Amino acid sequence: MSGRSGRIVKLDKFIYGSSSSDPNPKSGSTSSQATSGESVSNPSSSDPTPRSNTTSWLLGELNNFVDEVEGLLLDVRYDGRFNKAVAYLVDSNNRLVRWVDRTDHKPYFLTDAEPEVLASIGISSDNGLVVQFDVTAKFHPIRRERVKVTKVIVRDPLAVRKLRSTVQSKGYKVWEADIKYHHNYIYDNQLIPGMVYRVNRGWHRVEGGLDESYAELIESISRGESREYKDLVLEWALMFEQKPLDVKRVAVDVEIYSPEEGRVPDPEKASYPVISIALADNRGRVKILLLYRDNMAFEGGIPEGVEVEIFDDEISLLLEFFREVEGYPVVLTFNGDSFDIPYIYNRLVNLGVDPHLIPVEVHEDKVTFRHSLHVDLYKLFSIKALQVYAFGGRYRELTLDAIAEALLGMGKVELDTPVPRASLDKLIAYNVRDAMLTLNLTTFANNLVWNLVITIMRISKLGLEDVTRHQVSTWIRGLLNWEHRRRRWLIPSREELRGEMARSKAIIREKRYKGAIVLEPPRGVFFDVLVLDFASLYPSIIKNWNLSYETINNPWCKGGRKVVPEVEHEICVEFKGITSELVGLLRDFRVKVYKRRAKDESIPQDLRTWYDTVQAAMKVYINASYGVFGNEAFPFYSLPLAESVTAIGRSVLVNTLKMAEKLSLHIVYGDTDSLFIWDPRGESLEELIRYIEDNYGLELEVDKKFKVALFSGLKKNYLGVTDRGEVVIKGMVGKKSNTPEFIKEEFKTVVNLLGGVRSFDDTVVVLDKVREHIAEVYRKLKTKGYTLEELSIKVMLSKDPGRYVKTTPQHVKAAKLLEKEGVRVGKGDIIAFVKTRDSVGVKPVRLAKLSEVDANKYLEYVRTAFEQILLALGVNWEEVGGQKSLAKLLNLK
DNA sequence: GAATTCGCGTTGCATG
DNA sequence: CATGCAACGCGAA
């Protein structure tokens with residue numbers, strides 16, 4: 001075999017080469033200030049002068065610091081080496097550059113203790129931690145007045161934590177001390193990550209233009225509103241109109257040798273060699289770094305277009321990996337935080353490389369690259385709000401294979417030999433595919449995911465590495481914090497939010513609060529059913545009823561108040577609430593601008609796609625905006641707010657119901673924000689819609705038209721066939737993911753029969769077919785006509801098997817059997833098992849035999865699944881699936 | 001570091 | 001051994 005060449009790097013240089021070249025801040029003096037937000041008044045300023053950029057490369061020597069640049073702001077980090085914020089921007093050459101803060105911004109927190117008081121408790125510039133005190137005024141959103149606070153400006157972020165506890169222990173109030181420094185930097189400079197900036201001595205946003213048609217759309221959102229509000233709308237419009245740059249990025253995937261088959265190597269120990277690393281970038285380049293191993297050969301060809309570089313030395317391979325990656329602004333991995341990158345790092349350390357020379361920082365739960373930004377797609381795709389609202393719940397298992405299969409329609413390469421023993425060409429194919437899938441998860445559908453992430457960065461004001469690693473509540477917190485700072489509002493502490501105003505009945509009554517109404521559904525078949533729903537009901541309520549933490553039960557409210565039905569919270573109407581304004585703005589932008597523009601055929605397709613992404617990002621935000629307020633961990637947690645939203649929602653639904661009855665409309669069902677109307681006649685419907693608009697300012701819309709609707713009599717459980725022949729199934733067991741596979745399949749065929757139903761007579765015909773079908777399923781079950789795979793039940797472990805202490809559910813029993821076989825299972829894994837006749841009652845599919853299967857148990861499942869349809873058709877199970885009737889049918893055959 | 005409540009079906013387990 | 005409720009998973013909204 002020919003490939004022992006490869007680039008052999010000069011090892012000694014990398015290990016013993018010169019140390020860090022990061023700039024040492026030189027002291028100097030400038031008069032620069034933050035361009036907006038509050039000026040930091042410490043007169044001394046640093047002016048780090050980076051070395052000129054060099055094309056030669058030594059490990060840890062890449063110098064991409066600049067004094068000045070125009071580029072896309074992707075992130076901000078705090079760098080302890082020079083005790084400053086460092087901004088990461090992508091310039092016009094798609095190169096990541098770093099800019100060390102030159103505005104002399106410093107960490108701080110706020111307190112009500114005056115400087116003299118602070119000095120008296122040992123907090124002063126004498127102790128080395130404090131830089132300066134600024135006495136300043138902030139608007140207190142709850143007290144509705146300006147309050148005097150002391151801004152304690154300190155040397156470094158750690159000092160904040162230290163001093164805040166001292167101040168608190170002396171009984172003084174403290175604000176904004178738990179905001180991470182790099183976030184404070186963004187807020188104070190009013191930066192919008194994901195937007196283009198020019199930085200030199202300070203920050204200057206580079207504005208994109210707005211086309212003319214935009215003016216009227218903005219007018220439609222802000223008609224009759226204040227000047228400030230119009231300015232805000234314009235700011236947001238600029239933010240959403242700028243289509244993001246397709247930043248150069250590379251996906252990487254690492255393969256490790258392991259003598260123990262089936263065991264995932266431990267990245268902490270990193271005992272075995274890295275045998276290959278695949279890289280795939282979004283400019284079409286695919287490369288693999290391969291370790292030479294004795295007796296390993298190519299049995300087939302190398303895929304076309306793949307660069308292969310072979311190393312006979314593992315260190316060289318790993319260092320070359322870093323050299324490759326450093327040219328990219330963004331590195332993508334799948335599990336890179338917890339596996340690939342820590343493995344490489346620890347492996348290099350094990351091999352004797354000085355840790356300081358490895359250009360990554362290993363944190364507790366993430367790994368960052370010194371010269372690139374790192375997105376771990378495992379973390380990104382774990383974000384629940386994205387899973388549900390952006391990807392429609394299309395993937396369940398958080399593995400590259402499952403997610404790629406669901407979103408790209410392509411899975412991993414299947415290997416017949418495990419990675420360590422696979423022939424080199426197979427290894428390449430496998431490894432390269434993983435890197436490609438990882439990359440494609442960010443590029444498919446015209447960069448949907450990348451654009452989504454950038455849009456969320458802009459709304460949340462969080463950097464790339466934060467947005468992709470945190471749940472939706474963190475995003476919403478970011479937006480709220482930033483907006484408080486923009487208005488020069490004090491960000492209230494949890495105590496203040498809990499204080500006066502949270503003394504609601506709910507808190508005394510119990511921890512949780514009441515949710516929505518679900519109407520009692522009928523049982524039976526209905527023809528011509530209209531489904532109406534309120535467009536974004538909860539966000540609209542937050543907007544229209546002025547709901548916000550500071551408008552509800554606020555003792556400092558001097559003006560009028562409105563009372564929320566049922567829960568009797570009082571809402572202040574003399575001023576506009578901050579969350580009401582922000583949620584309302586997002587809602588209006590989505591409904592009135594971006595949803596429309598995404599469908600507007602006069603707009604070029606690529607722009608429409610971008611607008612669709614914008615509205616999708618807003619959807620995620622809006623849908624979560626109510627829930628977070630009901631979560632105690634959320635910094636702006638407001639139970640009265642969450643409780644008011646649902647209370648108003650109930651009242652709206654009930655009043656709509658009453659009005660509908662007055663109008664002689666026949667309501668068959670309804671859930672939270674929807675009403676199902678049977679065969680509406682005349683103008684009543686339009687009248688109802690107008691009534692809702694006039695009385696509540698809510699939009700009641702026709703969502704679907706069902707030619708036929710089947711109701712089982714159970715809540716959240718129905719089936720409808722739309723006028724376009726599309727079958728909509730909600731809540732039925734036959735569709736649930738934890739239903740045995742064969743039942744889901746059989747259910748589908750029965751449902752297809754229903755697709756053609758147009759009249760009552762049709763239902764009778766269908767019923768006969770369903771009857772035969774069930775008999776057939778029964779016969780197949782009894783004669784072992786289904787495979788183990790078809791019989792498998794798939795349930796997710798919501799925690800590690802050992803953590804189920806109260807009960808041991810069946811899938812956990814199966815999981816424990818797998819563990820006995822040496823298979824590692826854990827939280828998030830989906831366990832496939834079958835029901836057996838032994839004492840345990842279950843067995844993992846891969847350990848079971850068809851002869852052990854308990855057919856009777858499955859018949860029970862078949863019953864529940866089909867009963868939900870049969871009941872609607874007015875038939876009892878006994879008449880169809882009972883022993884007698886089955887016997888009869890089967891004998892006839 | 002973490003969005004909510006409502007509802008259904010299955011199974012486990014304590015209680016008598 | 002019957003029974004009732006809790007735990008769990010999943011879905012609708």
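Here is the naming used below: chain letters follow the sequence lines, and residue numbers restart at 1 for every chain. Bear in mind the structure is a predicted one, so any value in this text is a computation, not a measurement.
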Participant: Side-chain N or O of A/Ser473 versus OP1/OP2 of B/dA3: is the shortest distance under 4.0 Å?
Facilitator: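 True: A/Ser473 side-chain N/O within range (under 4.0 Å) of B/dA3 OP1/OP2.
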Participant: Assign A/Thr474 to base, sugar-phosphate, or nothing according to its heavy-atom contacts below 4.0 angstrom with the strands shown.
Facilitator: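 Here A/Thr474 touches the backbone only, sparing every base.
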Participant: Using a distance-only test with no angle check, is there a side-chain donor-acceptor pair under 3.5 angstrom linking A/Ser540 and A/Arg587?
Facilitator: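 There is such a pair (donor and acceptor under 3.5 Å, judged by atom type) between the side chains of A/Ser540 and A/Arg587.
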Participant: Using a 4.0 Å heavy-atom cut-off across all strands, classify A/Thr808 as base, sugar-phosphate, or nothing.
Facilitator: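 Touches sugar-phosphate only.
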Participant: Within this structure, what is the CD1-to-C1' distance between A/Ile793 and C/dC8, rounded to whole angstrom?
Facilitator: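 One finds 15 Å between C1' of C/dC8 and CD1 of A/Ile793, rounded.
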Participant: For C/dG11, take OP1 and OP2 only and decide whether either is under 4.0 Å from a side-chain N or O of A/Ser737.
Facilitator: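 Yes, such a contact exists.
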Participant: Using a 4.0 Å heavy-atom cut-off, does A/Lys806 contact any base of the nucleic acid, only the sugar-phosphate backbone, or nothing at all?
Facilitator: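 Counting heavy atoms under 4.0 Å across all strands, the contact made by A/Lys806 is with sugar-phosphate only.
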Participant: Describe the nucleic acid contact of A/Lys379 in one word from base, sugar-phosphate, nothing, applying a heavy-atom distance below 4.0 Å.
Facilitator: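 Touches nothing.
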Participant: Which part of the nucleic acid does A/Ala516 contact within heavy-atom distance under 4.0 Å: base, sugar-phosphate only, or nothing?
Facilitator: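 Sugar-phosphate only.
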Participant: Strictly below 4.0 Å: does A/His811 bring a side-chain N or O up to OP1 or OP2 of C/dC8?
Facilitator: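 For C/dC8, neither OP1 nor OP2 has a side-chain N or O of A/His811 closer than 4.0 Å.
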Participant: How is A/Gln868 classified with respect to the nucleic acid when contacts are heavy atoms under 4.0 Å: base, sugar-phosphate, or nothing?
Facilitator: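 It contacts sugar-phosphate atoms only.
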Participant: Considering every strand and a 4.0 Å limit on heavy-atom distances, what is the contact class for A/Tyr718: base, sugar-phosphate, or nothing?
Facilitator: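 Sugar-phosphate contact only - A/Tyr718 comes under 4.0 Å of backbone atoms but never of a base.
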Participant: Determine: side-chain N/O of A/Lys794 to OP1/OP2 of C/dC10, distance under 4.0 Å, yes or no.
Facilitator: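 A/Lys794 to C/dC10 OP1/OP2: no side-chain N or O under 4.0 Å.
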Participant: Using only heavy-atom distances, determine whether the side chains of A/Gln471 and A/Thr474 contain a donor-acceptor pair under 3.5 Å.
Facilitator: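 Short answer, no.
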Participant: Kindly confirm or rule out a cation-pi arrangement of A/Lys461 over A/Tyr187, judged by NZ or CZ under 6.0 Å from the six-membered ring centre and within 45° of its axis?
Facilitator: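 Not flagged: A/Lys461 not positioned over aromatic ring of A/Tyr187.
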Participant: Using whole Å, what does the distance between atom P of nucleotide B/dA3 and atom OH of A/Tyr513 come to?
Facilitator: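 It is 13 Å, rounded to the nearest whole Å.
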Participant: Can you tell me the distance, in whole Å, between the OH atom of A/Tyr538 and the C1' atom of C/dA13?
Facilitator: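 In whole Å, C/dA13 C1' lies 8 Å from A/Tyr538 OH.
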Participant: Round to a whole Å and report the spacing from CZ of A/Arg523 to C1' of B/dC8.
Facilitator: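 Value for this atom pair: 14 Å.
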Participant: Side-chain N or O of A/Arg863 less than 4.0 angstrom from OP1 or OP2 on B/dG9?
Facilitator: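 No, no such contact exists.
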Participant: Please confirm whether the backbone N or O of A/Ile179 pairs with a side-chain atom of A/His183, one donor and one acceptor, at under 3.5 Å?
Facilitator: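 Checked: no pair found.
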Participant: Identify whether any heavy atom of A/Gly627 sits under 4.0 Å from a base atom; if not, whether one sits that close to sugar-phosphate; answer base, sugar-phosphate or nothing.
Facilitator: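 The answer is base, as A/Gly627 lies within the cut-off (heavy atoms under 4.0 Å) of a base atom.
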Participant: Round to the nearest Å and state the distance from A/Asp671 atom CG to C/dA13 atom C1'.
Facilitator: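 My rounded result for the distance is 5 Å.
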Participant: When we call it a touch if two heavy atoms are under 4.0 Å apart, what does A/Arg477 touch: a base, just sugar-phosphate, or nothing?
Facilitator: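 If one applies the 4.0 Å heavy-atom cut-off, A/Arg477 turns out to touch nothing in the nucleic acid.
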Participant: Answer yes or no: does a side-chain N or O of A/Gln471 lie under 4.0 Å from OP1 or OP2 of B/dA3?
Facilitator: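 For B/dA3, OP1 or OP2 has a side-chain N or O of A/Gln471 closer than 4.0 Å.
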Participant: Mind checking A/Lys857 for me? I need base, sugar-phosphate or nothing, with any heavy atom below 4.0 Å counting as a touch.
Facilitator: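 Since no nucleic acid heavy atom lies under 4.0 Å of A/Lys857, the category is nothing.
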Participant: Given A/Tyr786, which partner from the list A/Glu741, A/Glu745, A/Glu746 fulfils the side-chain hydrogen bond (donor to acceptor under 3.5 Å, both in side chains) test?
Facilitator: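 When A/Glu741, A/Glu745, A/Glu746 are each tested with A/Tyr786, the side-chain hydrogen bond (donor to acceptor under 3.5 Å, both in side chains) holds only for A/Glu746.
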Participant: Does a side-chain N or O of A/Thr864 approach OP1 or OP2 of B/dT10 to a distance below 4.0 Å, or not?
Facilitator: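 For A/Thr864, the contact criterion (side-chain N or O under 4.0 Å from OP1 or OP2 of B/dT10) is met.
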Participant: Please tell me which of the listed nucleotides, B/dC8, C/dA12, C/dC10, lies nearest to the side chain of A/Lys715?
Facilitator: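 Per side-chain heavy atoms of A/Lys715, the pick is B/dC8.
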Participant: Under the 3.5 Å rule, do the base of C/dA13 and the side chain of A/Tyr626 count as making a donor-acceptor pair?
Facilitator: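 Looking at the base of C/dA13, it does not pair with any donor or acceptor on the side chain of A/Tyr626 (distance under 3.5 Å).
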Participant: Quick one: is C/dA12 close enough that its OP1 or OP2 comes under 4.0 Å of any side-chain N or O from A/Lys716?
Facilitator: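 No, because none of the side-chain N or O atoms of A/Lys716 sits under 4.0 Å from OP1 or OP2 of C/dA12.
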Participant: Over all strands shown, is A/Tyr804 touching base, sugar-phosphate only, or nothing at heavy-atom distances under 4.0 angstrom?
Facilitator: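 Touches sugar-phosphate only.
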Participant: If only side-chain N and O atoms count, and only distance matters, is there a donor-acceptor pair under 3.5 Å linking A/Tyr696 with A/Asn655?
Facilitator: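 Checked: A/Asn655/A/Tyr696 side chains pair up, N/O donor to acceptor below 3.5 Å.
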Participant: Base, sugar-phosphate or nothing for A/Phe634? Non-hydrogen atoms, less than 4.0 Å.
Facilitator: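 The residue A/Phe634 makes no contact with any strand.
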